[in-house]
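Quick caveat, the model's predicted, so the values are computed rather than measured.
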There are 2 protein chains.
Amino acid sequence: MSLGTVSNVLNNPEVVALPTRQRVLEAIDRTGFVRSTAAHQLRVGKSRTVGVVLLDIANPFFAEMVRGAEGVLRDNGYVLMVCSTDESIERERRYLRVLEEHRVDGLLITPVEHDLREVAELAGRGIPTVLLDRDGGEQELCSATVDDIRGGELAAGHLFELGHQAIAFVNGPSSIRQCADRREGAQRALRRARRRSPATLREMTVNALSVDQGEKAAIGLLSLTPRPSAVMCANDQLALGVLKSLSEAGVAVPDEMAVVGYDDVSFASMLSPALTSVRQPKYELGAIAAELLLEEALGSNHKHRSVRFEPELVVRASSGATRRGAGRAGQPRPVP
Amino acid sequence: MSLGTVSNVLNNPEVVALPTRQRVLEAIDRTGFVRSTAAHQLRVGKSRTVGVVLLDIANPFFAEMVRGAEGVLRDNGYVLMVCSTDESIERERRYLRVLEEHRVDGLLITPVEHDLREVAELAGRGIPTVLLDRDGGEQELCSATVDDIRGGELAAGHLFELGHQAIAFVNGPSSIRQCADRREGAQRALRRARRRSPATLREMTVNALSVDQGEKAAIGLLSLTPRPSAVMCANDQLALGVLKSLSEAGVAVPDEMAVVGYDDVSFASMLSPALTSVRQPKYELGAIAAELLLEEALGSNHKHRSVRFEPELVVRASSGATRRGAGRAGQPRPVP
DNA sequence: CCGGAGAAATGAATCGTTTCAAATAAGGCG
DNA sequence: CGCCTTATTTGAAACGATTCATTTCTCCGG
């Protein structure tokens with residue numbers, strides 16, 4: 001019963017004779033032996049570990065993506081090392097260093113900075129890397145993203161199709177890629193709507209995607225002339241603030257003002273009126289990212305791939321679609 | 001320039017002469033050397049890794065605890081291996097096995113099962129272990145918990161002090177420890193209230209802590225005679241459902257019915273009326289757990305400790321405290 | 001100029017696995 | 001019964017860092 005045999009029992013059971021195998025197994029659980037991944041790694045070169053670097057695991061968006069990734073990676077024997085950077089490039093660097101020392105077999109990352117050179121360099125040093133909710137830009141990297149342009153188009157398009165002609169767009173700073181993309185999509189919807197009837201999109205930029213910025217924006221929005229009959233928000237927090245202000249101002253939603261949000265956070269459906277919103281397939285995003293990673297880690301001749309998901313419009317009461325007849329495009333109706 | 005010297009440069013710089021040290025450092029970043037944690041671990045016995053096993057990282061309660069733990073562990077050079085069990089004992093076992101193979105330096109865990117023997121056994125095998133939001137019971141284990149009895153008492157006590165005499169308690173099954181504790185606390189508040197005036201607590205048990213169970217419960221609640229003037233819920237999801245039903249039934253909150261929730265989830269403050277709720281110090285819970293872990297891992301003569309946090313009542317509009325005069329205990333007023 | 005003390009550098013052993021060439025055992029066949 | 005083939009088992013080397021007993025280098029006093 002030598003070390004070599006024990007190793008074979010664990011890794012190539014078929015190569016060792018049954019009686020020996022049993023004797024070894026018996027000894028293993030008699031002594032409570034647990035193999036050491038570290039030694040295994042040292043010899044074989046795989047750590048059975050994947051680094052996940054994101055802005056904040058307490059943010060449900062990331063947490064759900066992580067669940068998606070965890071599902072597929074767990075089934076392949078990997079454990080996740082989860083690292084929150086809080087958007088600090090310093091912290092990101094430290095974590096990446098540590099993960100490299102741990103020789104993670106792969107890396108899922110939402111980088112802090114727009115400039116991806118550091119990440120690309122790491123990937124170049126042989127760590128399979130997939131970008132989460134960021135696209136590779138110039139760099140040759142795998143990525144899993146959601147089409148925010150399309151999302152913006154869905155939200156705005158929905159309102160235009162319901163017959164609204166003047167809609168407001170409460171958006172964050174366009175330095176945030178997501179905000180810029182959603183605006184782009186909204187404008188696309190606007191151009192389309194204009195082919196049928198006059199339509200306007202009034203953008204109001206706020207400096208944070210928060211509830212109280214939403215409240216303020218809504219107040220400003222009510223004093224616009226002509227007053228828009230619908231408002232789309234760059235995320236659900238803003239929408240929540242807007243709903244709050246409107247309710248305080250006695251403006252009926254959706255009758256006097258239709259509202260759509262973005263993200264479809266867990267409580268969007270619990271509000272009254274329930275919030276129409278654009279859902280991002282977070283779980284799937286993480287799962288696909290993990291699959292790309294496996295492909296890159298295991299596949300011999302890997303070609304970098306980018307997967308882009310379509311967001312989905314979840315229609316609820318706040319946009320008034322049910323009453324007005326959702327999706328009946330091209331039949332604009334007068335707004336009260 | 002031998003291996004030994006390189007190692008010394010990295011670990012005991014003061015022992016190697018300046019010129020050599022610099023030569024080594026230069027060589028290190030010329031060749032892009034990154035030390036291997038695995039080899040380090042093999043020799044030294046520390047993996048610089050902590051396992052975090054919880055029910056679901058996508059649940060904000062756990063995610064925030066993890067952030068608390070991550071903060072303190074990161075500063076001590078540890079990386080977190082996060083594992084979601086989804087309450088499956090099988091999955092928990094597999095993860096624990098893998099973490100043991102990785103030789104994690106510590107373990108933070110919210111066990112799936114009530115029976116802690118397996119966990120205690122693991123701890124007995126030398127892995128420093130701290131229970132998260134579970135107390136050790138019979139077993140000798142460190143733990144960080146929140147006093148749910150106290151929380152229940154706070155919530156119910158608040159309503160009684162506001163002058164309510166008949167309050168309903170929408171609670172989950174008492175097989176869930178948290179639910180049982182909160183009920184215990186509520187009854188404690190009830191006994192206290194009875195010393196001053198007649199008071200009743202009517203418990204309604206639902207089988208899940210979800211929004212729609214809350215909606216159903218609220219409907220039942222309205223047909224009770226005498227109709228309670230206040231309702232406390234075992235968590236915010238239930239409270240949300242209750243608010244929804246009440247709003248649909250045209251019952252004014254808080255004037256005709258006061259409502260308090262439990263957990264103080266992120267959107268509790270965003271509802272209208274904003275929800276009075278009991279906040280658990282999630283971040284602190286994780287941070288303390290991590291500190292206990294470090295203490296146990298590093299300290300020579302460690303004594304097991306349990307830290308129990310006090311929850312905090314966050315008073316907002318839904319309980320009508322502002323109008324009625326919060327905290328003026330002993331001055332019961334008639335309820336409309 | 002020599003011996004010795006202290007500083008600095010070296011290299012072999014070690015941690016726990018896996019791998020693989022070599023040794024050994026077990027049959028099968030003439 | 002002895003040789004050859006195939007099935008098992010063995011043991012040493014290797015992975016990359018750390019440790020520590022030794023060796024080598026420096027410098028100083030006698």
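- Counting only heavy atoms from C-beta outward, the side chains of A:Pro13 and A:Arg21 approach each other to under 4.5 Å.
- Listed nucleotides D:dT8, D:dT10, D:dC15 differ in distance to A:Arg43; the shortest reach to its side chain belongs to D:dC15.
- Axis deviation across the helix from C:dC1-D:dG30 to C:dG30-D:dC1 amounts to 70°, comparing end segments of five pairs, rounded to 10 degrees.
- Atoms CG (A:Asn8) and P (D:dT8) sit 12 Å apart, rounded to a whole Å.
- Between B:Glu70 and B:Arg67 there is a salt bridge, since at least one side-chain N of the basic residue sits less than 4.0 Å from a carboxylate O of the acidic one.
- Within a 6.0 Å radius of CZ in A:Arg117, no more than 12 heavy atoms belonging to other residues, nucleotides or ligands are found.
- First and last contacting nucleotides of DNA chain C toward chain A (any atom under 4.0 angstrom from a heavy atom, 5' to 3' order): C:dG16 to C:dT19.
- The phosphate of D:dT18 (OP1 or OP2) has a side-chain N or O of B:Asn11 nearer than 4.0 angstrom.
- One atom, NE2 of A:His102, and another, P of D:dA17, lie 14 Å apart when rounded to the nearest Å.
- Distance from the side chain of A:Ser2 is smallest for D:dG11 among the nucleotides D:dT18, D:dT8, D:dG11.
- For A:Leu3 and D:dA13, the CG to P distance is 14 Å, given to the nearest whole Å.
- When all heavy atoms of A:Val52 and A:Leu80 are compared, the closest pair comes out as CG2-CG, 3.7 Å.
- The residue among B:Arg103 and B:Val16 whose nearest nucleotide of DNA chain C lies closer to the 5′ end is B:Val16.
- Between B:Asn12 and A:Ala39, the residue anchored closer to the 5' end of DNA chain D is A:Ala39, taking for each the nucleotide with the nearest heavy atom.
- Comment: B:Arg23 does not engage B:Glu26 in a salt bridge, judged by the lack of any side-chain N to carboxylate O separation of less than 4.0 angstrom.
- Under the 4.0 Å criterion applied to side-chain N and carboxylate O atoms, A:Glu101 and B:Arg48 are not assigned as salt-bridge partners.
- Following rounding to the nearest Å, B:Leu42 (CG) and D:dC15 (P) show an atom-to-atom distance of 14 Å.
- Looking at A:Asp264 and A:Lys282, no side-chain N of the basic residue comes within less than 4.0 Å of a carboxylate O on the acidic one, giving no salt bridge.
- Between B:Leu73 atom CG and B:Glu291 atom CD the span is 9.0 Å, to the nearest 0.5 Å.
- The two residues B:Leu292 and B:Cys142 make their nearest non-hydrogen contact at CD1-CB, 4.4 Å.
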